Amino acid sequence: MSLRWKDVVNLHDGDDMVVRERKTNKLRLIRITHKVRTIVSTVYNILDPNPSHFIFTSNKGKGLSPMSVQNFNLRLRTTLDQYGIRVKGNPSSHCLRKTFVVQSIRRGFQSGDHLSLVKVSHLINHSSVSQTVKYTNYETMEMMDLYELD
C-alpha cells in the first residue's frame with residue numbers, strides 16, 4: 001500500500017524493484033514484467049497523477065496518505081460485486097496473495113518444475129518451505145500428490 005507512482009512509473013520490462021515488507025521488515029525483490037509495466041503505464045497515463053502520490057490512496061488523503069488494508073479489502077469486495085464476480089470465501093488482499101502462491105506452485109508442478117514449492121517459498125520470503133506448506137494448507141498437500149515416487 002505504500003508504493004508511490006514515482007516508484008514504478010519509470011521502470012522497464014525486466015527491471016527489479018526492492019520493497020521493504022511492513023509486517024516482517026524483510027526486503028523483497030519484485031521483477032517488473034511486460035504485463036505489469038503495460039498496466040502501470042496505461043493507468044498512469046489515464047489518471048495523470050502526481051508522481052509523489054500513493055498508488056493505493058485513501059479517499060481522505062487524496063494521494064497524500066496510503067490506503068488502509070481494510071479499505072483495500074472493502075474496495076475489492078465492492079468491485080467484485082459490481083462486476084458480478086462470485087468468489088468462495090472472503091475476498092481480501094491476503095486471499096489475493098495466497099491465490100498467487102497456490103497457483104504459482106500448481107503451475108510449476110504441472111509444467112514439471114518439481115522445485116516450484118521451494119522457488120515460491122523463497123519468492124514470498126518465507127523462512128522455510130514448511131512455512132509455505134502450512135500457509136497454503138490443503139492446496140499444497142494436494143499438489144504434493146503430483147510427485148510420483150517409484
Side-chain angles (χ1 to χ4, degrees), residues 1-85 87-137 139-140 143 146:
M1 300 298 173
S2 62
L3 285 177
R4 297 176 188 265
W5 286 105
K6 65 183 179 182
D7 297 331
V8 297
V9 76
N10 293 317
L11 295 174
H12 303 286
D13 294 1
D15 283 352
D16 292 331
M17 179 171 103
V18 178
V19 177
R20 183 169 300 278
E21 294 180 2
R22 190 179 307 188
K23 183 178 173 184
T24 62
N25 207 31
K26 292 180 181 178
L27 293 177
R28 172 178 301 222
L29 184 68
I30 300 173
R31 175 141 308 140
I32 303 302
T33 64
H34 176 72
K35 186 180 269 186
V36 167
R37 187 194 48 78
T38 300
I39 291 168
V40 167
S41 296
T42 301
V43 172
Y44 185 80
N45 289 332
I46 291 170
L47 296 178
D48 192 27
N50 181 322
S52 65
H53 284 184
F54 289 96
I55 295 173
F56 297 99
T57 182
S58 73
N59 289 335
K60 296 175 187 172
K62 301 196 191 260
L64 300 176
S65 59
M67 180 186 296
S68 69
V69 172
Q70 294 81 3
N71 191 1
F72 177 88
N73 293 339
L74 177 63
R75 287 187 187 187
L76 176 61
R77 283 190 287 279
T78 303
T79 302
L80 292 172
D81 288 344
Q82 179 182 353
Y83 288 97
I85 300 170
V87 296
K88 245 190 217 181
N90 186 22
S92 65
S93 59
H94 184 261
C95 181
L96 292 174
R97 174 182 160 93
K98 189 172 175 180
T99 300
F100 168 77
V101 168
V102 170
Q103 291 302 317
S104 296
I105 295 168
R106 179 175 284 136
R107 185 175 298 135
F109 278 140
Q110 289 173 343
S111 68
D113 181 1
H114 299 297
L115 291 177
S116 64
L117 176 60
V118 175
K119 291 175 182 178
V120 171
S121 181
H122 181 71
L123 177 70
I124 62 173
N125 278 338
H126 278 171
S127 56
S128 69
V129 172
S130 63
Q131 184 180 5
T132 307
V133 171
K134 287 179 196 172
Y135 181 78
T136 57
N137 296 329
E139 294 92 346
T140 301
M143 284 180 273
L146 292 172

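Just so we're clear, the structure is a prediction, and the values are computed from it rather than from any experiment.
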For [X], is the [atom1] atom crowded, meaning more than 12 foreign heavy atoms sit under 6.0 Å from it?
| X | atom1 | answer |
| --- | --- | --- |
| Lys26 | NZ | yes |
| Phe56 | CZ | no |
| His94 | NE2 | yes |

Reported [atom1]-to-[atom2] distance for the pair [X] and [Y], which is rounded to 0.5 angstrom:
| X | Y | atom1 | atom2 | value |
| --- | --- | --- | --- | --- |
| Asn71 | Asn59 | CG | CG | 6.0 Å |
| Thr33 | Leu11 | OG1 | CG | 11.0 Å |
| Ile124 | Ile105 | CD1 | CD1 | 7.0 Å |
| Ser130 | Leu117 | OG | CG | 9.5 Å |
| Ile55 | Leu3 | CD1 | CG | 5.0 Å |
| Arg97 | Thr99 | CZ | OG1 | 11.5 Å |

Shortest non-hydrogen contact between [X] and [Y], atoms and distance:
| X | Y | answer |
| --- | --- | --- |
| Asp113 | Lys119 | OD2-NZ, 2.9 Å |
| Ser116 | Ser104 | CB-O, 4.4 Å |
| His12 | Ile32 | O-CB, 3.8 Å |
| Ser92 | Asn73 | CA-OD1, 3.3 Å |
| Met1 | Pro66 | O-CB, 3.4 Å |
| Thr57 | Arg75 | O-NH2, 3.6 Å |

Enumerate donor-acceptor pairs with a distance under 3.5 Å from any side-chain N or O in residues 43-50 to protein atoms, sequence neighbours excluded.
unit_1: Asn45; atom_1: ND2; unit_2: Ser41; atom_2: O; d: 3.1
unit_1: Asn50; atom_1: OD1; unit_2: Ser52; atom_2: N; d: 2.9
unit_1: Asn50; atom_1: OD1; unit_2: Ser52; atom_2: OG; d: 2.8

Return the set of residues passing ring-ring contact (aromatic ring centres under 6.0 Å, His included) with His53 (not counting sequence neighbours), or none when no residue passes.
none

ring-ring contact (aromatic ring centres under 6.0 Å, His included) with Phe100: which residues, sequence neighbours excluded?
none

Walk me through it: do Val87 and Leu80 pass the test side chain to side chain contact (heavy atoms under 4.5 Å, CB included)?
CA-CA 8 Å; Val87 296; Leu80 292 172; 4.1 Å; yes

Given side chains that start at C-beta, do those of Leu76 and Leu96 come closer than 4.5 Å, heavy atoms only?
yes

Below 4.5 Å, heavy atoms only, C-beta onward: do Thr24 and Asn125 meet side chain to side chain?
no

His34 and Arg37 side chains, donor-acceptor separation under 3.5 Å
yes

